[in-house]
There are 2 protein chains.
Amino acid sequence: MPSPSVHDVAARSGVSVSTVSRALRGVPGISAATRKRVQEAAVELGYTASPTASRLATGRTRTVAVIVPELAKWFFAEVIAAAGRVLAEHGYDVLLVELSTAELRRAFFTGPGLRGRADGAIVVALQLGADEFEALEGQGQSVVLVGSERQGAGSVSVDDRAGGRAAVRHLVNLGHERIAFLGIRHEPRSTLGGVPPAQRLLGYRDALAEAGLPEDPRWVLTAENSVDGGAGAVAGLLAEQGLPTAIAAASDELAFGALRTLRGAGLRVPEDVSVVGYDNHGLAGAVDLTTMDHDVSGQGRAAAHALLAVLGAAPVAGPRVISPRLVVRGSTAPPVDRAGSTLPP
Amino acid sequence: MPSPSVHDVAARSGVSVSTVSRALRGVPGISAATRKRVQEAAVELGYTASPTASRLATGRTRTVAVIVPELAKWFFAEVIAAAGRVLAEHGYDVLLVELSTAELRRAFFTGPGLRGRADGAIVVALQLGADEFEALEGQGQSVVLVGSERQGAGSVSVDDRAGGRAAVRHLVNLGHERIAFLGIRHEPRSTLGGVPPAQRLLGYRDALAEAGLPEDPRWVLTAENSVDGGAGAVAGLLAEQGLPTAIAAASDELAFGALRTLRGAGLRVPEDVSVVGYDNHGLAGAVDLTTMDHDVSGQGRAAAHALLAVLGAAPVAGPRVISPRLVVRGSTAPPVDRAGSTLPP
DNA sequence: CTGAAAGCGCTTACAG
DNA sequence: CTGAAAGCGCTTACAG
């Protein structure tokens, strides 16, 4: 059953196709009576304009691409879901682009990429080189960044430095003085890492400095952002001389790995070691992890709104910066001294 | 900078646009010399055919929609990622459709939906009503199902009954006789639930029956498929008379919730209660959960291949059924009797 | 093997 | 307010 076309609607309502087009898209300058007649004919025929034909005629695809380094990670899925809902509400399709390998990444930016497929892109976490950013613009895309920044590009801003500081302040306030930082390793030009992890480390330093605590380089770790990465780094920590009483991780996945290693080694959390994560991952509650919530879905929504504003499909909103907030669960507690008594806070 | 068109390439290579089109798409019946010349002109100009124009001319979008009830859950993200990679390899775009509410669902199936936007759809976990399935076909889509089945539609098959049986056999083999089942509640016509959960329950019964163990209705629980759902259901279990020595959960999320409640209540896993999950969730290892792996990314890949085959974009593969396999970790062990000694296996 | 022309189904100046 | 016509950029019978 070939779907009805403008011509069918025109015939049925006794007007020209131009009038049908105008009536159905709600453009002004058409009599109410005519519009009504056309609309009725359209519903009777079950007509909807071919998106492909509209795209060709207008040059706009009403599609937004969401580009992520990896889809099957909680953070990215959450951002995509949140952005996708906003985009869908505004009548935009979402095209998924996963650039998980260097090959895919190069092919995407040097080839046709998004040209003719989308009007804009939300780039999550990827640290774009100048050439890549320009390639994207060359492909006709408006771009909004999440987790990175660039002159002349929209981005959602999160105060990760304050977030890192808050996490460590929480530990300091509990009385911890020996605090390790478990950071995200920044593979050069790779998918992950980048601005937020670096900011979180700065926040860690801020909190130590304001508490007058020295920074011990052995306790500033870095690992691939995964459970195994966190587990491995903490295993290394256990092999050092002396242990911290608390660990601040730059992501919940790293924290999950830390918990696994600590418990596997027979250490109790939080009695022997406190752990604070960063993300408020969907499963943080399941393992009772104290963590920083940085409103991940809010980031997705903000990115979508920002892009829609650039595309003229939504009003521009004032700049808003997301302030991470502490979510206290059971993985943090005051340190216990060797004798077993709790130190004064 | 307006992108070059067929006409530009034609002018530059001194042939007609028809020839350019043929040369570039690799259709036969064109001289090698001409083809070469055209290809060179194309790369010199940086030409790629407008996808929109091709779509309009051919009627094929080279796009596949992936429809999920909820994106930000590990299972769905994993299926999408795996399917998406295969689709991308074959030159298909992936359009993301999240039908997370009854409203969105109704609007999607009664409105234009995918008409003109995709050639086919992979429907994950949604239990489609007959009307919905027909609507999808009416929208011009070829469809492949994951997690449900239907006459005349492709689907990826997983032997969930055998999977459920294997999980419970594992517990039986360890010596457990008091085994609870924590199932996924099937909201009518809703997003989740459906065939696989029911099969897993049948597998549980198979294993009990073959071991000669009675089924205790108090120990067949059902909950929303989430950490909180699992936690709540197990809390209810703790308020019953007598406790099982093991719990087989129909998903890892449920199992995570079970672990939380058990540990929160001061019960040790696996010493007091063994727990086996189902999924081999990306974080199952982080909490040392024994579980059933059902090759979730394999399901995504299989769905993509099946759909590509229907679309004529890939060879049809013989039917393959995925057999879940047990992944043993630390959440299961032989039951310990009241006296503290391990029962003989 | 190659080209001229029609057609895919819309949208949008341009006239009236 | 409405219509005829051109155009968006391809593909594909149909001729030759």
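Each chain gets a letter, A, B and so on, in the order the sequences are listed, and its residues count up from 1.
- Remark: A/Arg60 is not in phosphate contact with C/dT11, judged by side-chain N or O atoms under 4.0 Å from OP1 or OP2.
- In this structure, the nucleotide among D/dC1, C/dC10, C/dT2 sitting nearest to the side chain of A/Ser5 is C/dC10.
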Item to complete: Any chance you could lay out the salt bridge (Lys or Arg N to Asp or Glu O under 4.0 Å) test for B/Glu89 and B/Arg85, step after step, and finish with the verdict?
Response: CA-CA 6 Å; B/Glu89 270 169 22; B/Arg85 286 170 194 171; over 6 Å; no

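- Closest to the B/Arg22 side chain, of the nucleotides D/dA13, C/dT12, D/dC10, is D/dA13.
- Closest to the A/Val15 side chain, of the nucleotides D/dT12, D/dC10, D/dG3, is D/dG3.
- Side-chain atoms of A/Ser50 lie closest to C/dG9 of the nucleotides C/dC1, D/dT11, C/dG9.
- Comparing atom distances between the A/Ser18 side chain and each of C/dG3, C/dT2, D/dA4 picks out D/dA4 as nearest.
- Atom CZ in A/Arg55 sits about 20 Å away from atom P in C/dC8, given to the nearest Å.
- In this structure, A/Thr48 OG1 and B/Arg115 CZ are separated by 6.5 Å, a value rounded to the nearest 0.5 Å.
- B/Thr19 and B/Ser16 share a donor-acceptor pair across their side chains, judged by distance under 3.5 Å alone.
- Contact check, A/Ser31 against D/dC1: no side-chain N or O comes under 4.0 Å of OP1 or OP2.
- Rounded to whole Å, atom P of D/dG9 lies 18 Å from atom CZ of B/Arg25.
- We find that CG of B/Leu45 is positioned 16 Å from C1' of D/dC10, with the value rounded to whole Å.
- Annotation: side chain of B/Val124 is in contact with side chain of B/Phe76 (closest heavy-atom distance under 4.5 Å).
- Place B/Pro28 and B/Ala57 on DNA chain C by their nearest nucleotides, and B/Pro28 ends up nearer the 5' end.
- Residue A/Leu56 contributes atom CG, which lies 17 Å from atom P of C/dG7 at whole-angstrom precision.
- Regarding A/His7, its NE2 atom lies at a distance of 13 Å from the P atom of D/dG3, rounded to whole Å.
- Base pairing annotation: C/dG3 forms a Watson-Crick or G-U wobble pair with D/dC14, both donor-acceptor distances under 3.5 Å.
- Nucleic acid contact for B/Thr52: none, since no nucleic acid atom lies under 4.0 Å from a heavy atom of the residue.
- When all heavy atoms are compared, the tightest approach of B/Arg55 to B/Asp93 is NH2-OD2, 3.2 Å.
- When rounded to the nearest whole Å, the span between CG of A/Leu24 and P of C/dT11 equals 9 Å.
- Among the nucleotides D/dG9, D/dT2, C/dT11, the one closest to the side chain of A/Ser54 is C/dT11.
- Atom C1' of nucleotide D/dT2 and atom CZ of A/Arg35 are separated by 13 Å, given to the nearest angstrom.
- Between A/Thr19 and the phosphate of D/dG3, there is a side-chain N or O to OP1/OP2 separation shorter than 4.0 Å.
- Ring pair B/His90/B/His305 is perpendicular by interplanar angle, where above 60° counts as perpendicular and below 30° as parallel.
- Here the side chain of A/Thr58 is nearest to one of D/dG9, C/dC10, C/dT11, namely C/dT11.
- For the pair B/Arg115 CZ and C/dC10 P, the interatomic distance rounds to 11 Å; values are reported in whole Å.
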